[in-house]
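Both ligands and their constituent atoms are indexed starting at 1 by order of listing. Side chains included, hydrogens not; waters and symmetry mates left out as well; all remaining heavy atoms used.
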Amino acid sequence: MQGCIFCKIVNGEIPNYTIHEDAHVLAFLDINPHAKGHTVLIPKVHAENLFDLNKELSKDLFLSIEIVMEKIELVLHPDGFNVGWNHGEAGGQEVSHLHIHILPRFENDGGGNVHSIVNNDGGMSVEEVIKLF
Ligand code: AMP
Ligand code: ZN
């Protein structure tokens, strides 16, 4: 997509530090790493978020998460990982091309976990929320 920084990376218009690539996905080191080996994994086609990606490519993307994690495991020997993505502005997404953050974790690296992203139940109990489904 015109103007998309990650599409430009896919097209070779912006350099990147690739750690994994196949026909459908590209994984490269985050330029502003929050951990040693912080990697972003993207589908090569432009999709703003998971809802915009076709289901077959979603499967490829998920399998690629494991491949990239294994590669990082072999090279950097982390003690753990956090894996996830920011979806939408409220979710903190800045680059509008779906990307999975793969964060290798090391003992005593000072980081938090998924629970540290947000802690606000919106004033609703679990019993109230389940009634909405
Ligand atoms: P998000 O807030 O989930 O949209 O994160 C976007 C991520 O893309 C950030 O962690 C940026 O550091 C990363 N990023 C932006 N431009 C580049 C680039 N040219 N190469 C590698 N990573 C990038
Ligand atoms: Zn794009």
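If you look at Tyr17 next to ligand 1, there are no close heavy atoms at all, none under 4.0 Å. Residue-level proximity to ligand 1 for Leu29 is carried by the backbone, the only part with a heavy atom below 4.0 angstrom. For Asp30, heavy-atom contacts with ligand 1 shorter than 4.0 Å involve the backbone as well as the side chain. Of all the heavy atoms of Trp85, none lies under 4.0 Å from any atom of ligand 1, so neither backbone nor side chain is involved.
Looking at His24 and Glu56, their side chains never come closer than 4.5 Å, going by heavy atoms from C-beta outward. Side-chain atoms of Tyr17 and Ile31, non-hydrogen and from C-beta on, do get closer than 4.5 Å to each other. Between Arg105 and Asp79, every side-chain heavy-atom pair lies at or beyond the 4.5 Å cut-off. Side-chain contact between Val25 and Leu57 is absent, with no heavy-atom pair separated by less than 4.5 Å. His97 places a side-chain heavy atom less than 4.5 Å from the side chain of Pro43.
Residue Glu94 approaches ligand 1 through these ligand atoms, each under 4.0 Å from one of its heavy atoms: 1 (P), 2 (O), 4 (O). Less than 4.0 angstrom separates some heavy atom of Asn86 from each of these atoms of ligand 1: 1 (P), 2 (O), 3 (O). Proximity to Gly92 (heavy-atom distance under 4.0 Å) selects the following atoms of ligand 1: 2 (O). Short contacts between ligand 1 and Ile5, defined as distances under 4.0 Å to a heavy atom of the residue, involve ligand atoms 16 (N). Using a 4.0 Å cut-off to heavy atoms of Gln93, the atoms of ligand 1 that qualify are 4 (O). Taking a cut-off of under 4.0 Å to the non-hydrogen atoms of Asn32, the atoms of ligand 1 that pass are 12 (O). Heavy-atom contacts of His101 reach the following atoms of ligand 1: 1 (P), 3 (O), 5 (O), 7 (C), 10 (O) (cutoff under 4.0 Å).
Among protein heavy atoms, atom 23 (C) of ligand 1 sits closest to Ile31 CG2, 3.5 Å. For atom 8 (O) of ligand 1, the closest non-hydrogen atom on the protein side is Phe6 CZ, 3.5 Å. In terms of protein heavy-atom proximity, atom 19 (N) of ligand 1 is closest to Ile9 CD1, 3.7 Å.
Hydrophobic clustering of Ile, Leu, Val, Met, Phe, Trp and Tyr side chains at less than 4.5 Å, counting indirect connections, unites Leu61 with Met69. Both Val68 and Leu98 are members of a single hydrophobic cluster when ILVMFWY side chains are connected at heavy-atom separations under 4.5 Å. Hydrophobic clustering (side-chain heavy atoms under 4.5 Å, transitive across Ile, Leu, Val, Met, Phe, Trp, Tyr) keeps Val40 apart from Ile19.
Under a cut-off of 6.0 angstrom, the local environment of CD in Glu66 is sparse, with at most 12 non-hydrogen atoms contributed by other residues, nucleotides or ligands.
You'll find the ring centres of His99 and His101 inside the 6.0 Å limit.
Between Ile14 and ligand 1, no pair of N/O atoms sits closer than 3.5 Å. Polar contact check, Val40 against ligand 1: no nitrogen or oxygen pair lies under 3.5 Å apart. Checked by distance only, ligand 1 and Val95 come closer than 3.5 Å through their nitrogen or oxygen atoms.
The shortest heavy-atom distance from His99 to ligand 1 is under 4.0 Å.
What you find for Phe106 and Leu76 is that their closest heavy atoms are CE2-O, 3.6 Å. In terms of heavy atoms, Leu103 sits closest to His34 at CD2-CB, 4.0 Å. Heavy atoms only, all atoms of each residue included: Met124 and Leu132 are closest at CE-CD1, 3.7 Å.
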* Kindly indicate, with the supporting measurements, whether the criterion side chain to side chain contact (heavy atoms under 4.5 Å, CB included) is fulfilled by Glu48 and Met1. => CA-CA 10 Å; Glu48 182 166 338; Met1 190 202 196; over 6 Å; no

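Counting only protein N, O or S atoms closer than 2.8 Å to the Zn ion (ligand 2) gives 4.
Judged by distance alone, with hydrogens and angles left aside, the side-chain atoms of Asn11 form no donor-acceptor pair with the main-chain N or O of Glu13 at under 3.5 Å.
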